Amino acid sequence: MSVTIKSLLAKRDTEPSGPVRSHQDLQSRHKIARFIAEHYRDFEPLRIHLAGHRYSFHPKNDKQRQMLAFLRDRNLIQQVADQTFEAVDQDARAFFTGRWLEEYAYFAALAAGYDEVETGRMVKWRVGPDEGFNEIDVIARKEDRLLFVSCKAIRSDIRQDKKSRDRLVDFLHEADNIVDHFGGSDDRMALFCTADLYEEYNCDQSRFPPLTGKARILDVEIFSFEDLAWNDIVSRFRRLMA
């Protein structure tokens with residue numbers, strides 16, 4: 001019997017529930033996800049606007065104007081008033097507010113040589129008489145080992161944002177629970193967020209030691225804003241299962 005994500009999850013009393021996003025559908029947005037990742041600083045104000053947290057969006061530089069044109073040309077956003085834009089539908093809105101990061105991680109895992117990758121996987125689990133459902137952002141298989149990835153697109157600048165820092169700790173515990181519940185002893189867990197966690201000008205010191213220190217204790221790999229470059233994230237995915 002061949003090893004698959006499904007067969008490995010079955011050993012944990014867990015089974016897939018429903019379909020995952022198709023590779024063909026994901027492929028149609030791959031270039032867009034990479035474009036966002038490569039220009040996240042410029043995209044972030046637009047993301048906040050599209051999520052409904054800011055009334056208007058005023059492009060401040062050529063890169064942001066280029067981004068608006070890029071997304072409008074691909075029929076993902078539309079202008080509804082002066083300096084006001086919205087996603088064309090709920091699927092596009094979900095993509096802009098966080099799904100792009102999941103899809104970016106999906107393709108990075110494939111590029112890193114994983115044998116099987118799924119994103120948007122709903123799983124059904126059982127513990128004794130109890131059962132429930134969880135959605136896992138990305139699951140990647142390398143031979144008979146699994147990598148679980150939890151993706152969180154949040155504000156990049158968390159220095160003065162205690163709420164975001166507190167949410168990151170919650171995200172870390174959530175990620176640890178996923179691998180504890182669904183993973184085996186040799187499986188890995190990664191938290192991929194867009195927060196700027198390290199001070200490049202200060203020998204890459206952590207801006208938030210309580211988070212990065214706890215992640216080392218829990219053995220959860222953290223990918224952050226600093227890892228958004230395509231070659232960097234592919235290399236880190238590859239090293240995780242080396």
Side-chain angles (χ1 to χ4, degrees), residues 26 29-30 32-41 43-44 47 95-114 117-121 135-142 145-159 161 164-180 182-183 186-200 202-242:
L26 297 170
R29 294 190 296 265
H30 177 41
I32 303 169
R34 285 190 63 168
F35 184 86
I36 291 173
E38 290 166 4
H39 306 288
Y40 187 70
R41 289 280 196 205
F43 171 73
E44 191 169 15
R47 179 189 71 82
F95 178 76
F96 289 129
T97 54
R99 190 176 290 170
W100 69 269
L101 188 63
E102 300 171 17
E103 298 184 11
Y104 188 62
Y106 167 90
F107 280 104
L110 285 175
Y114 284 74
V117 186
E118 295 180 345
T119 181
R121 163 54 70 200
E135 183 176 4
I136 302 175
D137 293 336
V138 179
I139 308 177
R141 178 182 63 81
K142 184 71 171 178
R145 300 175 64 198
L146 295 177
L147 167 66
F148 302 90
V149 186
S150 178
C151 299
K152 305 296 182 183
I154 63 174
R155 293 178 184 271
S156 59
D157 189 351
I158 62 170
R159 289 173 296 180
D161 191 346
S164 289
R165 295 199 300 272
D166 291 343
R167 289 176 67 204
L168 277 170
V169 174
D170 292 339
F171 294 153
L172 176 62
H173 287 295
E174 175 188 309
D176 185 52
N177 288 338
I178 289 172
V179 72
D180 283 348
F182 304 114
D186 292 329
D187 295 339
R188 299 299 308 274
M189 183 73 220
L191 172 60
F192 192 3
C193 68
T194 51
D196 188 353
L197 293 180
Y198 299 95
E199 298 178 345
E200 294 85 352
N202 191 22
C203 301
D204 288 332
Q205 290 292 310
S206 173
R207 298 185 192 275
F208 192 17
L211 176 78
T212 51
K214 184 170 287 189
R216 284 192 291 271
I217 293 171
L218 296 176
D219 196 27
V220 174
E221 193 82 5
I222 292 185
F223 302 153
S224 63
F225 173 83
E226 291 79 6
D227 300 297
L228 279 175
W230 177 252
N231 289 337
D232 292 345
I233 189 63
V234 170
S235 296
R236 288 200 63 188
F237 270 126
R238 189 176 291 126
R239 292 197 300 271
L240 268 177
M241 290 295 193

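None of the values given here were measured: they were computed from a predicted structure.
To the nearest 0.5 Å, atoms CD (E103) and CZ (F95) are separated by 5.5 Å. Within the model, atoms CD1 of I154 and OG1 of T97 stand 13.5 Å from one another, a figure rounded to the nearest 0.5 Å. Note that the CD1 atom of I158 and the CZ atom of F225 stand 12.5 Å from one another [nearest 0.5 Å]. Atoms CZ and CG, from R145 and D187 in turn, are 7.0 Å apart once rounded to the nearest 0.5 Å. Atom CD of E44 sits about 6.5 Å away from atom OG1 of T194, to the nearest 0.5 Å. Between L211 atom CG and F171 atom CZ the span is 11.0 Å, to the nearest 0.5 Å.
Between D219 and R216, the closest side-chain pair of non-hydrogen atoms is not below 4.5 Å. F182 has its side chain out of reach of L146: every pair of non-hydrogen atoms, C-beta onward, lies at least 4.5 Å apart. Using a 4.5 Å cut-off on side-chain heavy atoms (C-beta onward), R34 and Y104 make contact. Two residues are said to be in side-chain contact when any heavy atoms from C-beta on lie closer than 4.5 Å; L147 and V138 fail this criterion. F223 has its side chain out of reach of C193: every pair of non-hydrogen atoms, C-beta onward, lies at least 4.5 Å apart. F96 has its side chain within reach of I36: a pair of non-hydrogen atoms, C-beta onward, lies under 4.5 Å apart.
For the pair E221 (side chain) and R188 (backbone), a donor-acceptor distance under 3.5 Å is absent. One N or O on the side chain of E226 and one on the backbone of L197 form a donor-acceptor pair closer than 3.5 Å. Between the side chain of S156 and the backbone N or O of A195 there is no donor-acceptor pair closer than 3.5 Å.
With sequence neighbours excluded, no residue forms a ring pair (Phe, Tyr, Trp, His ring centres under 6.0 Å) with H173. With sequence neighbours excluded, the residues satisfying ring pair (Phe, Tyr, Trp, His ring centres under 6.0 Å) with F107 are H23, H30. Qualifying salt bridge (Lys or Arg N to Asp or Glu O under 4.0 Å) partners for D227, counting only residues two or more places apart in sequence or in other chains: R236. By the side chain to side chain contact (heavy atoms under 4.5 Å, CB included) test, V179 is found to be paired with F148, D176, M189, residues two or more places apart in sequence or in another chain being considered. Annotation: side-chain hydrogen bond (donor to acceptor under 3.5 Å, both in side chains) contacts of K142 (sequence neighbours excluded): none. Remark: A108 engages W230, I233, V234, F237 in a side chain to side chain contact (heavy atoms under 4.5 Å, CB included) (not counting sequence neighbours).
Y114 and A140 get closest at one heavy-atom pair: CD2-CB, 3.5 Å. Residues S150 and E174 approach most closely at OG-OE2, 3.9 Å, considering heavy atoms. Scanning both residues, G98 and A153, for their nearest heavy atoms gives CA-CB, 3.9 Å.
Taking the six-membered ring where the residue is Trp, the centroids of W100 and F35 are separated by 6.0 Å or more.
A side chain to side chain contact (heavy atoms under 4.5 Å, CB included) with T119 is found for one member of V149, L26, I136 and no other, namely L26.
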task = Evaluate salt bridge (Lys or Arg N to Asp or Glu O under 4.0 Å) for D196 paired with R41, printing each intermediate quantity in order.
result = CA-CA 10 Å; D196 188 353; R41 289 280 196 205; 2.7 Å; yes

task = Please assess L191 against K152 for the test side chain to side chain contact (heavy atoms under 4.5 Å, CB included), listing each intermediate value before the final yes or no.
result = CA-CA 8 Å; L191 172 60; K152 305 296 182 183; 4.0 Å; yes

